[in-house]
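Data first, discussion second: the structure below is written as structure tokens.
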Amino acid sequence: MRKFIAVLLASAVGALALTALSSAGTRGVMGVSAKLTAAQEVPKQVVKNTAATGFFSARLSGKKLTWKLTFSGLTGPATAAHIHMAAMGKAGNVVVVLCASTCKSGKTGTAMLTSGLLTALSKHLLYVNVHTAKNPNGEIRGQLAEH
């Protein structure tokens, strides 16, 4: 009877270990996105353009962010796009360059996020914005959210 209980206990521990390992592999993968609009831009646009919109979608696996940025209706060609750090309604510093000079809608890429940026993301302190020549501080913006 003791051997039977020992085998049963060992089987249960093994099953729990396998379950923990399989869920640990997926725990670090999540979606990240932002809808970009002119209304969210801080500071306000120099040249008003409420028709401009965009969408940033990404997959975060551990610290690796694989992303796609689309946009339309801008006042001219995009001159740059970045991830910045600041709360909604505030302007912040660039923390990740998404594209510079030749920035086209549909651009994809990858970036490695530091532990500090991962913490900022979880607190909704990162945003994406797209810059144009007419709106050099940003034409459209969207706060990043995990899902």
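Because only heavy atoms are used, hydrogens play no part in the values below, and waters and symmetry mates are left out as well, while side chains stay in.
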Report all side-chain donor-acceptor pairs from residues 69-77 shorter than 3.5 Å, counting only partners two or more places apart or in another chain.
{"unit_1": "Thr70", "atom_1": "OG1", "unit_2": "Phe55", "atom_2": "O", "d": "3.4"}
{"unit_1": "Thr75", "atom_1": "OG1", "unit_2": "Thr132", "atom_2": "OG1", "d": "3.3"}
{"unit_1": "Thr75", "atom_1": "OG1", "unit_2": "Glu139", "atom_2": "OE1", "d": "2.7"}

Atom pairs and distances, donor-acceptor, side-chain atoms in residues 107-116, under 3.5 Å, two or more places apart:
{"unit_1": "Thr114", "atom_1": "OG1", "unit_2": "Gly116", "atom_2": "N", "d": "3.4"}
{"unit_1": "Thr114", "atom_1": "OG1", "unit_2": "Leu117", "atom_2": "N", "d": "3.1"}
{"unit_1": "Ser115", "atom_1": "OG", "unit_2": "Lys63", "atom_2": "NZ", "d": "3.0"}

Listing, residues 31-39 side-chain donor-acceptor contacts under 3.5 Å, not counting sequence neighbours, or none:
{"unit_1": "Ser33", "atom_1": "OG", "unit_2": "His147", "atom_2": "NE2", "d": "3.3"}
{"unit_1": "Thr37", "atom_1": "OG1", "unit_2": "Gln40", "atom_2": "NE2", "d": "3.1"}

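The two residues Ala133 and Pro136 make their nearest non-hydrogen contact at O-CD, 3.5 Å. Across all their heavy atoms, Ile140 and Gly54 have their closest contact at CD1-N, 3.8 Å. Taking both residues in full, the closest heavy atoms of Val46 and Lys134 are given as CB-O, 3.6 Å, listed atom of the first, atom of the second, then distance. In terms of heavy atoms, Ala81 sits closest to Cys103 at CB-SG, 3.8 Å. The minimum heavy-atom distance between Gln143 and Tyr127, with the atom names listed, is OE1-CB, 3.5 Å.
Leu126 is not connected to Val42 by any chain of hydrophobic side-chain contacts under 4.5 Å among Ile, Leu, Val, Met, Phe, Trp and Tyr, and they are in different clusters.
With values rounded to the nearest 0.5 angstrom, Met88 atom CE is found 10.5 Å from Leu125 atom CG. Note: Ile83 CD1 to Phe56 CZ = 4.5 Å, rounded to the nearest 0.5 Å. Distance CG/Leu121 to CE/Met85: 10.0 Å, rounded to 0.5 Å.
Here ring-ring contact (aromatic ring centres under 6.0 Å, His included) pairs that include residues 87-110, with residues two or more places apart or in two chains, number zero.
Using modelled atom types, one side-chain atom of Asn49 and one backbone atom of Ala51 make a donor-acceptor pair closer than 3.5 Å. Under a 3.5 Å cut-off, the side chain of Asn137 and the backbone N or O of Pro43 do not form any donor-acceptor pair.
For His84, the side-chain hydrogen bond (donor to acceptor under 3.5 Å, both in side chains) test picks out Asn129, with sequence neighbours left out.
Under a cut-off of 6.0 angstrom, the local environment of NZ in Lys104 is sparse, with at most 12 non-hydrogen atoms contributed by other residues, nucleotides or ligands.
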Steps toward side chain to side chain contact (heavy atoms under 4.5 Å, CB included) verdict (Val130, Thr79):
CA-CA 8 Å; Val130 178; Thr79 56; over 6 Å; no
Does the pair Met30 and Arg59 meet the rule for a side chain to side chain contact (heavy atoms under 4.5 Å, CB included), with working shown?
CA-CA 6 Å; Met30 73 175 74; Arg59 179 183 159 166; over 6 Å; no
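Summarising the hydrophobic clusters (Ile, Leu, Val, Met, Phe, Trp, Tyr; side-chain heavy atoms under 4.5 Å, direct or chained), the residues clustered with Val94 are Val97.
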